[in-house]
Amino acid sequence: MKAKKKFGQNFLIDNFYINSIIEAIDVFSTDLIIEIGPGHGALTKRLKEKGKKLIAYEVDVDLKPILNKYEDEKTEIIYQDFLTADLSIYKKAKNITIVGNLPYYITTPIIEHIIKEEINPKEMIMMVQKEVADRFLAEVHTKEYGYFTLFLRYFFDITRVINVPSSAFNPMPKVESTVIKLQRRENRPDIDIKQYEEVLKSSFSQKRKQLKNNLSGYDWDKVKEILASYNINEKARAEEIPEEVFIEIAKVINKDSL
Ligand code: SAM
């Protein structure tokens, strides 16, 4: 069957990397596993052996004849766009593990959907484009460090599992890939996440500008005080501000504090 570009179909064919993904999963026999985009079932057939139940979302109904063989009382395949899936039905599940070799053009919307639906997965093992992984894992003072790096870090501890060459797929994608592991962060900072998200978005809105310019709608005196307490120059740009400082800033300012 011809791979469909519009669905980001690059099927994993190298067993070494399939094993690396499966071995990275810390799943208990009581856990629910959700797979995003099973494709030809390269991961599905291995995930079936783990967890209590496996639910896989596949947007391409033409893959039904291939995926049918994996369905049983433990494994359900739902033919639906994952971005429209109502995940609230899983809120009662104690531990959820999400696995996906994601269609790269919707990596961020998929992660945002999972966060917004508040199902709070214990762990997510995801294959993403290498540049995207570099952004998720970025450290302060690097050009990859940005709004989504910090937003994601509020929810998850993120680690690189393995880089994957294009030759591990059929058809071969034009980009290199990376498997990352996102583990539920148990000690989340004590802040209003909506406010934090807004502050981060504003701070990184124009990366070349100083933080002061990007936060022009906020109470700058309060921000200045915090920067001074961390010995950070008030002319700093957002990429020079560590996570703990952003958390302090989000605690004390909002747009109404003017
Ligand atoms: N997991 C398989 C593997 O590793 O070989 C397939 C990976 S392929 C990169 C991505 C898969 O996600 C394809 O099967 C594609 O049809 C499916 N897909 C694309 N967009 C989707 C969406 N919005 N919801 C669910 N599945 C999607």
Side-chain angles (χ1 to χ4, degrees), residues 1-25 27 32-51 53-71 75-90 96-117 119 121 123-133 136 160-182:
M1 194 180 290
K2 207 167 179 295
K4 292 179 185 149
K5 237 182 172 174
K6 67 171 177 178
F7 292 142
Q9 292 181 349
N10 299 96
F11 302 109
L12 199 49
I13 49 164
D14 187 323
N15 271 324
F16 174 79
Y17 294 102
I18 294 172
N19 285 338
S20 303
I21 294 176
I22 298 299
E23 281 162 18
I25 302 170
V27 71
L32 166 66
I33 304 178
I34 298 176
E35 185 185 3
I36 305 166
H40 290 173
L43 299 171
T44 320
K45 60 172 169 258
R46 301 286 304 279
L47 293 171
K48 270 169 70 73
E49 297 157 10
K50 297 182 165 241
K53 189 162 174 64
L54 169 64
I55 297 176
Y57 286 88
E58 174 53 65
V59 73
D60 185 1
V61 275
D62 290 345
L63 293 174
K64 223 172 179 176
I66 297 175
L67 289 171
N68 268 345
K69 60 177 172 290
Y70 299 116
E71 286 207 83
T75 309
E76 185 183 350
I77 310 215
I78 299 174
Y79 293 90
Q80 184 184 355
D81 178 346
F82 182 76
L83 292 174
T84 64
D86 172 14
L87 303 180
S88 64
I89 51 172
Y90 306 122
I96 302 176
T97 296
I98 299 182
V99 183
N101 171 6
L102 301 186
Y104 294 162
Y105 61 101
I106 47 168
T107 298
T108 305
I110 283 177
I111 296 177
E112 280 172 338
H113 182 56
I114 293 165
I115 290 174
K116 298 263 146 71
E117 292 277 297
I119 54 167
E123 191 172 280
M124 306 205 286
I125 309 287
M126 293 177 161
M127 172 99 73
V128 301
Q129 188 175 331
K130 184 175 172 297
E131 284 73 20
V132 172
F136 291 175
R160 187 186 306 266
V161 175
I162 194 165
N163 289 334
V164 185
S166 349
S167 57
F169 301 88
N170 184 27
M172 268 167 58
K174 288 199 177 71
V175 295
E176 299 295 299
S177 308
T178 297
V179 178
I180 52 170
K181 182 169 180 163
L182 303 97

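Residue numbers run from 1 in the order of the sequence given. Order of appearance sets the numbers: ligands from 1, and atoms from 1 within every ligand.
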Legend entry - Pair Q129-S177, side chain to side chain donor-acceptor pair (under 3.5 Å): steps then yes or no: CA-CA 4 Å; Q129 188 175 331; S177 308; over 6 Å; no
The closest protein heavy-atom partner of atom 10 (C) of ligand 1 is N101 O, 3.5 Å
Practice task
Could you walk me through whether R46 and I21 pass the side chain to side chain contact (heavy atoms under 4.5 Å, CB included) test, one step at a time?
Solution key: CA-CA 10 Å; R46 301 286 304 279; I21 294 176; over 6 Å; no
When distances are taken from atom 5 (O) of ligand 1, the protein heavy atom at minimum range is L12 N, 2.8 Å
Are any non-hydrogen side-chain atoms of P121 and I114 less than 4.5 angstrom apart? yes
Polar atom proximity, F11 to ligand 1 (N or O, under 3.5 Å)
no
Judging by distance only, is a nitrogen or oxygen of F82 under 3.5 angstrom from one on ligand 1? yes
A student comparing K6, H113, E58, Q9 should find that the heavy atom closest to atom 17 (C) of ligand 1 comes from E58
Exercise. Could you tell me whether the side chain of H40 reaches within less than 4.5 Å of the side chain of L63, counting heavy atoms only?
Key: yes
Per-atom filter on ligand 1: closer than 4.0 angstrom to a heavy atom of N10 are 7 (C), 8 (S), 9 (C)
among protein heavy atoms, the one nearest atom 2 (C) of ligand 1 is P38 O, 3.4 Å
Ranked by distance from atom 19 (C) of ligand 1, the top protein heavy atom is F7 O, 3.1 Å
**Message:** Could you go through I98 and M126, starting from their C-alpha distance and side-chain angles, then the distance that decides it, and tell me whether this counts as side chain to side chain contact (heavy atoms under 4.5 Å, CB included)?
**Reply:** CA-CA 8 Å; I98 299 182; M126 293 177 161; 4.2 Å; yes
Does ligand 1 have an atom under 4.0 Å from some heavy atom of Q80? yes
Heavy-atom proximity to atom 20 (N) of ligand 1, picking from P103, G100, A85, points to P103
Contact region, Y105 to ligand 1, non-hydrogen atoms below 4.0 Å, reads side chain
Checklist entry - Is the shortest heavy-atom distance from the side chain of K48 to the side chain of I33 under 4.5 Å? => result no
Atom 26 (N) of ligand 1 has as its nearest protein heavy atom V59 N, 3.3 Å
Can you confirm whether K69 is buried at NZ, in the sense that more than 12 heavy atoms of other residues, nucleotides or ligands lie under 6.0 Å from that atom? yes
query = Got a donor-acceptor contact below 3.5 angstrom from the Y17 side chain to the P165 backbone?
reply = no
The option among S177, G37, G8 carrying the non-hydrogen atom nearest to atom 11 (C) of ligand 1 is G37
So for I110 against ligand 1, with non-hydrogen atoms under 4.0 Å, the contacting part is neither
Q. Any idea how Y57 and F82 line up, ring-wise: parallel (<30°), tilted (30 to 60°), or perpendicular (>60°)?
A. perpendicular
Of D81, L43, I36, the one whose closest heavy atom lies nearest atom 22 (C) of ligand 1 is D81
(message) Contact between F136 and I180 at the side-chain level, heavy atoms closer than 4.5 Å - yes or no?
(response) yes
